[in-house]
Amino acid sequence: MLDVARELLGAVVVCADVAVRLSEVEAYAGGRDPASHAFRGKTPRNEVMFGPPGHLYVYFTYGMHFCMNLVVGRDGHASAVLLRAGAVVAGVETVAQRRPGAVPRDFARGPARLTTTLGVDRRLNGVDVTSARSALHVRRGAAVPDELVRWGPRVGVSTAQEVPWRCWVDADPTVSPYRPHVPKKRRHV
DNA sequence: CGGCTGATTGCCT
DNA sequence: GGCAATCAGCCGA
């Protein structure tokens with residue numbers, strides 16, 4: 001699961017004429033992970049997570065935002081990787097119309113911004129991202145070298161803050177700025 | 001520039 | 001009924 005997350009850095013998400021190269025993702029480990037939507041078992045909302053890998057899990061949150069996950073791991077295991085941020089590499093004109101006033105660096109800088117930029121909503125829940133014929137699919141991109149991959153705690157979760165299951169590309173300006181639980185400096189205790 | 005908060009729907013207990 | 005894998009805008013410094 002963590003290896004899949006790491007491999008997704010640099011991959012390119014394609015939806016219609018817009019494409020985004022991923023710079024930040026976050027792993028969720030299915031039923032035994034208290035921060036996972038699958039923790040309390042299968043429900044109508046999260047049922048895609050319990051299906052085969054390679055499919056998209058789109059959910060609605062905070063009354064106004066969509067976020068997208070890639071289902072990974074074994075069928076039924078319900079592991080998933082939250083796609084958090086990336087750089088727009090195609091369709092900049094389309095995105096500029098969708099996000100008037102935003103600067104390119106911020107187009108997909110955060111999970112909800114990423115879905116807005118790509119035009120993703122619940123209609124894409126469950127699509128097979130491994131097929132180039134799907135409305136949304138994922139292509140391999142230029143590999144990110146190991147020395148540029150950084151790991152840290154997940155964002156916005158109230159439980160299991162200790163597991164470093166978020167990974168991102170070091171020094172990439174499109175990585176999301178929201179890191180509420182990451183102390184910038186470690187004071188000696 | 002960094003920190004805080006209101007917005008607003010749907011899901012789960 | 002409570003709260004969420006967030007974001008934009010506003011505040012003060």
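Numbers restart at 1 for each chain; the letters A, B, ... are given by sequence-line order, proteins then strands.
Here the P atom of nucleotide B:dT8 and the OH atom of A:Tyr59 are 20 Å apart, to the nearest Å. Rounded to an integer number of Å, the gap from CZ of A:Arg99 to P of C:dC7 is 9 Å. As a whole-Å value, the separation of A:Arg40 CZ from C:dA4 P is 10 Å. Nucleotide B:dG6 holds its C1' atom 8 Å from the CE atom of A:Met64, rounded to whole Å. Between the CG atom of A:Asn46 and the C1' atom of B:dC11 there is a distance of 10 Å, rounded to whole Å. A:Asn69 places its CG atom 8 Å from the C1' atom of C:dA5, with the value rounded to the nearest Å. Following rounding to the nearest Å, A:Leu114 (CG) and C:dT6 (C1') show an atom-to-atom distance of 13 Å. Note: CZ (A:Phe60) to P (B:dA7) measures 16 Å, nearest angstrom.
Pairing for B:dT8 is absent, with no Watson-Crick or G-U wobble pair whose two atom distances lie under 3.5 Å.
Put simply, A:Arg113 has a side-chain N or O that comes within less than 4.0 Å of OP1 or OP2 on C:dA8. Residue A:Thr61 places none of its side-chain N or O atoms closer than 4.0 Å to OP1 or OP2 of C:dA5. Phosphate proximity of C:dC7 to A:Arg109: absent, as no side-chain N or O sits under 4.0 Å from OP1 or OP2.
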Audit row: A:Met68, A:Leu136, side chain to side chain contact (heavy atoms under 4.5 Å, CB included) steps and yes/no:
CA-CA 11 Å; A:Met68 58 195 290; A:Leu136 182 149; 3.7 Å; yes
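A donor-acceptor contact shorter than 3.5 Å is absent between the side chain of A:Asp33 and the backbone of A:Phe39.
Between C:dA5, B:dC12, C:dT6, one nucleotide has an atom nearer to the side chain of A:Met49 than all others, and that is C:dA5. Between B:dG10, B:dC12, C:dT6, one nucleotide has an atom nearer to the side chain of A:Arg122 than all others, and that is B:dG10.
In this structure, A:Tyr28 counts as stacked on the base of C:dA5 under the 5.5 Å centre distance and 30° plane angle limits.
Note on A:Leu114: it does not cluster hydrophobically with A:Val12, by side-chain heavy-atom contacts below 4.5 Å among ILVMFWY residues.
No close placement of the A:His37 and A:Tyr28 rings is indicated, their centers lying 6.0 Å or farther apart.
Between atom CZ of residue A:Phe60 and atom CG of residue A:Asp121 there is a gap of 10.5 Å, rounded to the nearest 0.5 Å.
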